[in-house]
Amino acid sequence: MSESPIRVRIAPSPTGPLHIGTARTALFNYLFAKRLGGTFILRLEDTDVARSSIAFEKDILDGLHWLGLVWDEGPEVAGEAARGPHAPYRQMERLDTYRAAAARLLAEDKAYPCYCTPEELEAERKRAEAAKQPPRYSGRCARLTPDERAAFEAEGRRPALRFRVGEGIVAFEDLVRGRVEIETTALGGDFVIVRADGTPLYHFTVVVDDAAMEISHVIRGEDHLSNTPKHILLFRALGFREPRFAHLPLILNPDRTKMSKRKSQTAVADYRDQGFIREALVNYLALLGWSTGTEEEILSLEELAARFDLESVQKGGAVFDRERLEWLNGQWIRRLSADDLVERLRPFLARDLDAGRIDRLPTDEELRALMPVVQERLPTLGAIGDLVGFLFVDRVDAEPAVLVPKRWDRETTLTALRAARDVIASVGRVSFEADELEPPLRALAEERGWKAGDLFMAIRVAVTGRTATPPLFDTLVALGRERTLGRLDRAIERLAAAGVA
RNA sequence: GCCCCCAUCGUCUAGAGGCCCAGGACGCCACCCUUUCAAGGUGGAGAUCAGGGGUUCGAAUCCCCUUGGGGGCACCA
């Protein structure tokens, strides 16, 4: 095999938001390129004009960018010029290239005009299905005489262009699966490469572009495995050198079918919006279908790039396991610097404010002070409001029923809360620190014969409204003396009132 | 229906003939730590390596068959 520079690409189609599967394919291409000092290219396959949109394109670009998968060559975006020697990288801007290639195939009779209408083809497919036959183009237009063509033209029919598949066996050496062979007769007959309206189709553009962009390795999902023979035939017909192929295992729904929007959360943006961080998603995706062969598992993009190899890619599909992603997300959140975490938490807090889940935004100092206690408790960034939101609301409503610890009754709770209020009021006058609060409150519990845990739980619920919170004294400090006392008073009032009623 | 691909704990995987009556991780359970919740630590349950035939002194690992699963078969990508 001749040595050529490593050039790989991710070629998404802007017909939907960035999909987890596309992100994984992009990642593997990226890692492969980085590992081998190759070039990672982004190409937009937007020839399905009806379904493509700018909004999807933006979502895809933003998502790849967010994941840190920067491309070496790619289209112009947001006013920034295209990068790379093979611009444009958007297929609808490359129509001339396809037109020229199509003209060549037509001139060499490797392709021919087909005048069948969609309705006729549909009928043909229906018939095949009814007869339990594989759907296959009949080849009706393969050998039209000039007169017959003229007749169709006179009718006003516009032809599509079909590629002659021919006979024989196409074989290739897949980098993850080994040798794959398929008989061309199993390809479904001659296939359309240019629509009647003149726009080119996927199988055609992908080959023309991969050749034009000198792609050395086509790394894509297994759903393309059976398309590969078509592509190889096209590479040959056009006289292009074929790239090497590697087909990645599919990412699966829990029921082991191809991951889909219907059964799983597939949009990368949704994961980001829920507070999964890029490090975790990249790490998780890399380990879906590939492993280092060691027991390492927490790996950064750089560490992954240093270890990646196609030989270790799994052949079987992999079920997307959200729980494991969440665990990895926690691992990565804990590895962030406090300042970085504060920064990343901001948008989520802003969203909580918009939604009315909190009444004000914490200052940077407030947030920063919470990090030691918050960092190890956050499964996702989106959980921040749930974790410490009570600190930033104007009032909490502690239900009398939950205010009373399991082992206590209302009277005891009331007594305890009043006593605790006095202790806190007396010790916190000058400064308000956790290690100033804890000893006297423990002493109080001891003196009254209460379990410290019960006393702490009553206080916890009184000031936060909930039974699960960060450590109590850190929480009181974060709340501040005045608000702590205020919430205690309010809880005492409510509990007392509940008894009267 | 036809073609192609795949097959180790529930899930992600290690394993490339003896180191494996199969290792790690997530999840689950228990215990420890502990004011709650987490995090962390320790331990446990969990896979007759889909089944059946070969090959071999020896197979999760090689071959064949069966079964099961998946993907593809568009003027979508």
Side-chain angles (χ1 to χ4, degrees), chain A residues 11-16 45-48 50-52 114 116-118 121-122 125 128-129 131-137 158-162 174 177 180-183 185-189 191-197 199-203 205-206 221-229 247 249-250 252 254-258 284 287-298 314-328 330 334 373-379 387 405 438 441-442 445 451-457 459-461 464 466-473 475:
Chain A
S13 159
T15 52
E45 309 218 324
D46 54 357
T47 56
D48 186 352
R51 293 196 298 148
S52 294
C114 170
C116 298
T117 64
L121 294 170
E122 182 55 29
R125 255 192 301 276
E129 197 182 327
K132 300 265 187 203
Q133 292 299 306
R136 170 168 231 287
Y137 175 61
R158 305 288 303 138
L161 194 62
R162 272 187 199 273
D174 189 283
R177 277 147 224 285
V180 176
E181 290 187 0
I182 186 171
E183 201 127 4
T185 51
L187 259 27
F191 56 92
V192 175
I193 56 177
V194 180
R195 293 185 180 87
D197 69 4
T199 56
L201 254 15
Y202 167 73
H203 294 308
T205 59
V206 73
E222 193 197 329
D223 44 351
H224 283 292
L225 189 58
S226 35
N227 288 330
T228 300
H247 289 90
L250 258 22
L252 276 21
D255 65 5
R256 305 204 74 88
T257 54
K258 181 163 77 159
Y284 179 70
L287 264 22
L288 254 199
W290 176 77
S291 73
T292 61
T294 68
E295 282 175 8
E296 304 174 288
E297 51 184 359
I298 312 285
Q314 202 79 14
K315 295 188 185 73
V319 172
F320 190 92
D321 180 3
R322 191 188 168 94
E323 303 221 60
R324 190 167 152 85
L325 204 213
E326 276 189 23
W327 171 76
L328 261 177
R334 272 163 240 138
V373 84
V374 141
Q375 194 150 14
E376 66 191 26
R377 290 181 169 71
L378 234 34
L387 225 202
E438 185 166 354
L441 285 169
R442 281 195 186 280
K451 284 202 69 179
D454 290 333
L455 174 61
F456 295 168
M457 182 54 85
I459 299 173
R460 166 178 296 113
V461 175
T464 69
R466 40 203 321 170
T467 55
T469 71
L472 181 62
F473 302 104
T475 300

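Residue numbers begin at 1 in each chain, while the letters A, B, ... track the order of the sequences. Any value given below was found using the heavy atoms of this structure, including those in side chains, with hydrogens, waters and symmetry copies removed.
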Please determine, for the side chain of A:D223, which listed nucleotide (B:G72, B:U36, B:G1) has the closest atom?
B:G72
Any N or O donor-acceptor pair linking the side chain of A:R466 to the base of B:U36 at under 3.5 Å?
no
Interatomic distance at P, B:A25 relative to B:G41, whole Å
10 Å
B:G71 to B:G58 separation - P atoms, rounded to the nearest Å:
40 Å
Pair partner, B:A22 [Watson-Crick or wobble, under 3.5 Å]:
none
Take atom P in B:U66 and the same atom in B:G1, then report the distance between them in whole Å.
16 Å
Under a 3.5 Å threshold, yes or no: a donor from one side chain and an acceptor from the other, between A:R195 and A:T199?
yes
Can you tell me which nucleotide in B:C5, B:U35, B:G40 comes closest to the side chain of A:R334?
B:G40
State which of B:A77, B:A14, B:G1 makes the closest approach to the side chain of A:S13.
B:A77
Name the nucleic acid region contacted by A:R460, choosing base, sugar-phosphate or nothing; use a 4.0 angstrom heavy-atom cut-off, strictly under.
base
Rounding to the closest angstrom, what is the interatomic distance between B:G40 and B:A14 at atom P?
24 Å
Return no unless some side-chain N or O of A:R177 is found under 4.0 Å from OP1 or OP2 of B:A7.
no
Considering only atom P, compute the distance from B:A47 to B:C65 and round it to an integer number of Å.
30 Å
Let me spell it out: for each of A:Q314 and A:L387, pick the nucleotide of RNA chain B with the closest heavy atom. Which residue's pick is nearer the 5' end?
A:Q314
P gap between B:A38 and B:U61, integer Å
43 Å
So which nucleotide does B:A30 pair with, by the Watson-Crick or G-U wobble rule with both distances under 3.5 Å?
B:U42
Do you know which two heavy atoms are closest between A:V319 and A:P254, and how far apart they sit?
CG1-CA, 3.8 Å
What does A:L472 touch in the nucleic acid at a heavy-atom separation under 4.0 angstrom: a base, only the sugar-phosphate, or nothing?
base
Closest nucleotide among B:U36, B:C76, B:U11 to the A:D321 side chain
B:U11
Determine which nucleotide pairs with B:A7, using a 3.5 Å limit on both distances of a Watson-Crick or G-U wobble pair.
B:U67
Per atom distances to the A:R162 side chain, the nearest of B:C75, B:C76, B:C26 is B:C75
Test for a donor-acceptor pair under 3.5 Å between the base of B:C37 and the side chain of A:R377, counting only N and O atoms.
yes
If you check every side-chain atom of A:W327, which of B:G71, B:C5, B:A25 has the closest atom?
B:A25
Categorize A:L121 for me: base, sugar-phosphate, or nothing, with a 4.0 angstrom heavy-atom threshold over every strand shown.
base
Using only side-chain N and O atoms of A:R256, determine if any of them is under 4.0 Å from OP1 or OP2 of B:U11.
yes
Using atom P of each nucleotide, how far apart are B:A50 and B:A74 to the nearest Å?
34 Å
For B:G72 and A:K258 - does any side-chain N or O of the residue sit under 4.0 Å from the phosphate oxygens OP1/OP2?
yes
Pick base, sugar-phosphate or nothing for A:P12, based on heavy-atom distances below 4.0 Å to the nucleic acid.
nothing
A:V192 side chain: which of B:C75, B:C12, B:A25 is closest?
B:C75
Just compare B:G71, B:A77, B:U13 and give me whichever is closest to any side-chain atom of A:L250.
B:G71
Candidates B:U35, B:C4, B:A14 - which lies nearest the side chain of A:F473:
B:U35
Does A:R177 pair with A:E222 as a salt bridge, N-O distance under 4.0 Å?
yes
What contact category does A:A452 fall into here, base, sugar-phosphate, or nothing, at under 4.0 angstrom with non-hydrogen atoms?
nothing
Note: A:D197-A:R158 ion pair, threshold 4.0 Å (strictly below):
no
Should the pair A:R324-A:E297 be classified as a salt bridge under the 4.0 Å nitrogen-to-oxygen rule?
yes
May I ask you to say what A:T199 touches in the nucleic acid, namely base, sugar-phosphate or nothing, with a heavy-atom cut-off under 4.0 Å?
nothing
What contact category does A:E181 fall into here, base, sugar-phosphate, or nothing, at under 4.0 angstrom with non-hydrogen atoms?
sugar-phosphate
So what does A:T257 touch, heavy atoms closer than 4.0 Å: a base, only the sugar-phosphate, or nothing?
sugar-phosphate
By nearest-nucleotide position on RNA chain B, the 5'-leaning member of A:A186 and A:T117 is A:A186
With a non-hydrogen cut-off below 4.0 angstrom, is A:D174 in contact with a base, only sugar-phosphate, or nothing?
nothing
Which heavy atom in A:A445 sits nearest to a heavy atom in A:A452, and how many Å separate them?
CB-CA, 3.9 Å
Under 3.5 Å for both donor-acceptor distances, Watson-Crick or wobble: does B:U35 have a partner, and if so which one?
none
Note, A:R136 side chain near A:R125 side chain (heavy atom, < 4.5 Å)
no
On a whole-Å scale, what distance lies between the C1' atoms belonging to B:G44 and B:C5?
38 Å
Is there a donor-acceptor pair closer than 3.5 Å between any side-chain N or O of A:R377 and the backbone N or O of A:V373?
yes
Nearest to side-chain heavy atoms of A:S291, which nucleotide of B:G1, B:U13, B:G72:
B:U13
Base, sugar-phosphate alone, or nothing: which one does A:H224 contact when heavy atoms must sit under 4.0 Å apart?
base
